[in-house]
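In what follows, chains are A, B, ... by sequence order, proteins preceding strands, each numbered from 1. As the structure is a computational prediction, the values presented were derived from the model and not from experiment.
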2 protein chains.
Amino acid sequence: MLLSKRCIYALRAALYLALAKTDGEYISIQKIASELNISFHFLTKILQDLQRKNLVISFRGPRGGVALARPDTEITSMDIIRAINGEDVFAQCIMGLPGCGTETPCPMHEDWARSRKAIETVFNNTSLATLAEQTVKKHLRLTEPKARTE
Amino acid sequence: MLLSKRCIYALRAALYLALAKTDGEYISIQKIASELNISFHFLTKILQDLQRKNLVISFRGPRGGVALARPDTEITSMDIIRAINGEDVFAQCIMGLPGCGTETPCPMHEDWARSRKAIETVFNNTSLATLAEQTVKKHLRLTEPKARTE
DNA sequence: GACAAAGCAGACAAAATAGTCTTAATACTT
DNA sequence: AAGTATTAAGACTATTTTGTCTGCTTTGTC
Ligand code: SF4
Ligand code: SF4
């Protein structure tokens with residue numbers, strides 16, 4: 001698995017917030033958790049991580065909750081991934097040799113580096129706004145299908 | 001991390017075997033483990049997995065050990081990966097929604113699917129022979145650098 | 001001010017992964 | 001036959017990741 005569950009949950013929650021489009025309103029973690037079918041307490045901790053990295057802001061009390069800290073156009077999926085999985089998610093490599101580098105690469109280096117770069121680029125170029133837009137435009141889904149059986 | 005440590009160890013061990021080029025001789029797990037700096041007992045279990053999947057053969061007793069079950073040209077890195085991490089390593093996806101498919105994809109589907117396919121292709125097209133060849137030809141390294149400091 | 005609705009914090013539990021150890025089984029050597 | 005070198009099997013431990021719970025703090029409403 002490329003990304004941890006924490007990270008996947010963070011992405012889903014962030015996209016949910018981007019789609020919510022509340023004008024200055026906060027959305028309760030409870031609601032996000034239940035709609036995305038994620039454990040409430042777990043998601044709380046994940047969103048706290050995002051808050052510490054200044055990707056979301058939060059507010060307590062009634063009508064409190066969380067919201068994106070910046071416009072969704074200015075948050076990339078890479079931002080979320082880095083916030084949760086650390087700065088060097090894509091640093092680690094196939095053969096996992098310690099002290100590896102381009103000078104003395106292991107045999108997989110070339111092919112893997114190319115693929116890795118491609119994935120990195122995708123995440124870097126995909127803002128929450130882009131994702132949200134695609135979601136709406138193409139009628140994609142974010143939550144689990146409930147009524148429809150497939 | 002894309003691949004588990006078990007998987008990485010398996011790949012390194014398999015490549016080591018491919019590079020060994022012993023004519024029908026077996027190489028002891030002890031030797032592989034110490035050269036690749038992997039826990040002996042752990043590697044033993046991993047190689048047992050590969051043996052059950054008929055990727056390596058083993059022999060007990062003095063002068064025993066393990067060897068590739070087929071010519072290195074006929075074992076891909078994907079074979080190793082699948083043997084260790086299961087058949088559907090690359091099935092799981094970014095947003096990790098249950099029951100996802102091309103009919104009702106999540107917003108990341110398109111970009112991710114492309115990258116995933118690329119990685120899969122790399123692994124499928126990379127036989128142990130190819131890796132071994134590159135290793136020799138380009139003076140790449142498999143074990144950890146010891147004498148040289150970088 | 002009392003109460004309720006939220007997030008915050010940290011201890012705790014469960015599950016998955018990684019790694020260790022001990023005992024057996026097997027095969028070669030002498 | 002005895003002894004040794006090797007893998008096989010499985011119990012055991014450790015670490016990381018994932019998830020749960022309980023109590024506290026902040027904020028709005030009445
Ligand atoms: S040499 Fe390249 S492919 Fe190998 S572990 Fe290092 S970065 Fe990864
Ligand atoms: S819809 Fe596509 S990208 Fe999303 S979880 Fe499913 S396969 Fe992965």
Sequence-aligned protein contact record of nucleotides 19-29 of chain C, with B where the base is within under 4.0 Å of a protein heavy atom and S where only the sugar-phosphate is
BBBB--BBBB-
Does the side chain of Ser77(B) reach to within under 4.5 Å of the side chain of Leu11(B), using non-hydrogen atoms?
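Result yes, sub-4.5 Å side-chain heavy-atom pair found.
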Set of residues satisfying side-chain hydrogen bond (donor to acceptor under 3.5 Å, both in side chains) with respect to [X], sequence neighbours excluded:
| X | answer |
| --- | --- |
| Asp111(A) | Arg114(A) |
| Thr44(B) | none |
| Ser4(B) | Asn85(B) |
| Glu110(B) | Lys138(A) |

Quick one: [X] [atom1] to [N] [atom2], roughly how many Å, whole number?
| X | N | atom1 | atom2 | result |
| --- | --- | --- | --- | --- |
| Leu43(B) | dT6(D) | CG | P | 15 Å |
| Asn37(A) | dG19(D) | CG | C1' | 13 Å |
| Asp49(A) | dT17(D) | CG | P | 13 Å |
| Ile32(A) | dA6(C) | CD1 | P | 12 Å |
| Ile29(B) | dA9(D) | CD1 | P | 11 Å |
| Ile38(A) | dG19(D) | CD1 | P | 9 Å |
| Tyr26(A) | dG7(C) | OH | C1' | 12 Å |
| Arg52(A) | dC8(C) | CZ | P | 8 Å |

List the atom pairs, with distances to 0.1 Å, where a side-chain N or O of residues 52-69 of chain A and a protein N or O form a donor-acceptor pair under 3.5 Å, not counting sequence neighbours.
from, atom 1, to, atom 2, distance (Å)
Arg52(A), NH1, Asp49(A), OD1, 2.8
Ser58(A), OG, Gln51(A), NE2, 3.3
Arg63(A), NH2, Glu25(A), OE1, 2.8

Establish, with yes or no, whether the OP1 or OP2 oxygen of dA6(C) is under 4.0 angstrom from a side-chain nitrogen or oxygen of Ser58(A).
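Negative; the distance criterion is not met.
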Reckon Gln51(B) has a side-chain N or O less than 4.0 Å from the OP1 or OP2 of dA8(D)?
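Yes, Gln51(B) has a side-chain N/O under 4.0 Å of OP1/OP2 on dA8(D).
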Specify whether Phe42(B) and Tyr9(B) have parallel, tilted or perpendicular ring planes, treating 30° as the upper limit for parallel and 60° as the lower limit for perpendicular.
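Taking Tyr9(B) first and then Phe42(B), their aromatic rings stand perpendicular (interplane angle over 60°).
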On DNA chain D, nearest-nucleotide positions of Ser4(A) versus Ile27(B): which is more 5'?
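This one resolves to Ile27(B).
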